[in-house]
Amino acid sequence: MTAVATSRTVDTTPFDGQKPGTSGLRKKVKAFAQPHYLENFVQSIFDSLDGFAGQALVVGGDGRYYNRTAVQVILKMAAAAGFGRVLVGQGGILSTPAASCVIRKRKAFGGIILSASHNPGGPDEDFGIKYNIGAGGPAPEAVTEAIHARTKTIAQYHILDAADVDIDTLGESRLGAMVVEVIDPVADYAALMETLFDFAAIRRLFDGGFRMRFDAMGAVTGPYATEILENRLGAAPGTVINGTPLEDFGGHHPDPNLVHAKELVDELFGPDAPDLGAASDGDGDRNMILGRNFYVTPSDSLAVLSEHATVCPGYAGGLKGIARSMPTSRAPDRVAAALGIPCWETPTGWKFFGTLLDAGKATLCGEESFGTGSDHVREKDGLWAVLMWLNVVAATGKSVETLVRAHWARFGRTVYSRHDYEGVDSDAANGLVEHLRAIGPGLAGKTVGPYTVEGLDDFAYTDPVDGSVSTHQGIRLMFTDGSRVVFRLSGTGTSGATLRVYLEQYEPDPARHDIDTQEALAPLIAVAGAVAEIAARTGRTEPTVIT
Ligand code: G1P
Ligand code: ZN
């Protein structure tokens, strides 16, 4: 017990002032480990907030390398700053959606989440930190901008001189005048899931022999999935694989897609495949859903879950609306139209869903980048999506593939793929976008390959709730047959530029629903390459990742 812990003020110098993006500050561990670097950022967060004296802060992360070190620094700085209590996940663990859940349920002032999401972890890999507000979601732009401005002028930080706190034993201890409460990272989250989904029906599904595989990829969702799927829902032991969070994720690149979740994909497309396969990312907010020998695109997943949402107790009253990020396919729009509810098109990044969810304008939301969620928290939520699929399968008695094919039969299939060009020269990538902006006005009505251009624009968004305007959110190249190509540069990469090309083609004809995705999109891929001059400008003839 530290009876006389004193706060120490350390003189420091501003750091490079990198703007924390929508996902907070992400850097190599080596950058964070520089003297005062993490401390400067944490103090910049605290200096940008008002009215937290005596209030609670939630702290936790995805368990990657440097997580435990950072938790200790944050605890001592929170105590020096005057927080009344910190709720920290046992072992420093909290998935991003669980952190959002705890912030909301415990009415905390906010939270600090330690993660670089799906980026690899380890001493030579990435680390990250972000601040979430009391509503449970990522800090809005005004707050991240204030933090950024502060990093450029910061001269001092304050930290308690105290021994490290035991974060592995549940219960309360004191750090100076502040209470540190080590909480079970799974409990509040699992309790919330029990209110949303029909656990009895899902349990009957597993009792009846339904088999699934959940790949936690050595990252944070292992304890959550094991407790909920195996312990509470009765899925067979071993359903969860790579279920222990490791500092380097066991060498996995914890990004649940067809490329990085290869072990899972091979099993689901192999002999004796289970009925459902799912994976989540480093911090637990992303998800990939597979049926037996069948891949569900994230856009289709949002559409199908929206179509059947009312079978789940938490959504039995119907949806207020759906929200999708602009590059996400328009499959959810067709479901929204049939349900007579709005479908909002927002810029990429989860924070844009927050105002819609808070205002009751949307209930489900999703991004093509394997992110799906609802108004139960203010982050996307990987395991939530898996549970919703299980609930829909249990309630309808239909397989994953049957559900998606029935959706296509009713609404048509939106053939969709994203091509990423990673590590591209930044100037070349910016030049490509500028080129598209420049030729845009002249393109309407022109014929390219088999397509006629309807128009090209640079997506801008006015938030219908707070009126804030976001410009330059991606180039949309629209064709008269409803096909679309979106070009945008990643905001989360840590080396060079990543060009993302999102390809989408509507296929109403059921006779063509079995067509291979890349084959179906081949003409559109060629047109996208030609219009944007991808090969000439980036030197790349093939994307690095296709999802
Ligand atoms: C990527 C995804 C985006 C997601 C973000 C944070 O951002 O494309 O949908 O919100 O990660 O998980 P990007 O690298 O494209 O800027
Ligand atoms: Zn993530």
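Whatever order the structure lists them in is the order used to number ligands and atoms, beginning at 1.
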Problem set entry | Sub-4.0 Å heavy-atom contact, G371 with ligand 1 |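 No; G371 lies far enough from ligand 1 that no heavy-atom distance drops under 4.0 Å.
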Exercise. Does ligand 1 have any atom sitting under 4.0 Å from a heavy atom of R26?
Worked result: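 The answer is no: ligand 1 sits nowhere under 4.0 Å from a heavy atom of R26.
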If you measure from each non-hydrogen atom of [X] to ligand 1, which part falls under 4.0 Å: side chain, backbone, both or neither?
{"X": "R418", "answer": "side chain"}
{"X": "S369", "answer": "side chain"}
{"X": "K380", "answer": "side chain"}

May I ask you to list the atoms of ligand 1 that are less than 4.0 angstrom from any heavy atom of [X]?
{"X": "T348", "result": "3 (C), 9 (O)"}
{"X": "R500", "result": "8 (O), 13 (P), 14 (O), 15 (O)"}
{"X": "G349", "result": "10 (O)"}

Problem set entry | Check: S117 N/O within less than 3.5 Å of ligand 1 N/O |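 N/O-N/O distance under 3.5 Å: no.
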Exercise. For R286 and ligand 1, does the shortest N/O to N/O distance drop below 3.5 Å?
Worked result: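 Between R286 and ligand 1, an N or O pair is found under 3.5 Å apart.
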Exercise. Looking at NZ of K320 and NZ of K361, how far apart are the two atoms once the value is rounded to the nearest 0.5 Å?
Worked result: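 It is 11.5 Å, given to the nearest 0.5 Å.
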Exercise. More than 12 heavy atoms of other residues, nucleotides or ligands under 6.0 Å from CZ of F294: is that the case?
Worked result: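 Yes, CZ of F294 has more than 12 neighbouring heavy atoms, counting only those of other groups under 6.0 Å.
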Exercise. Counting no waters, how many protein N/O/S atoms sit under 2.8 Å from the Zn ion (ligand 2)?
Worked result: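 Number of qualifying protein atoms: 4.
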Problem set entry | Residues D420, R418; criterion salt bridge (charged side-chain N to carboxylate O under 4.0 Å, His left out); working and verdict | CA-CA 6 Å; D420 292 334; R418 184 176 105 181; 2.9 Å; yes
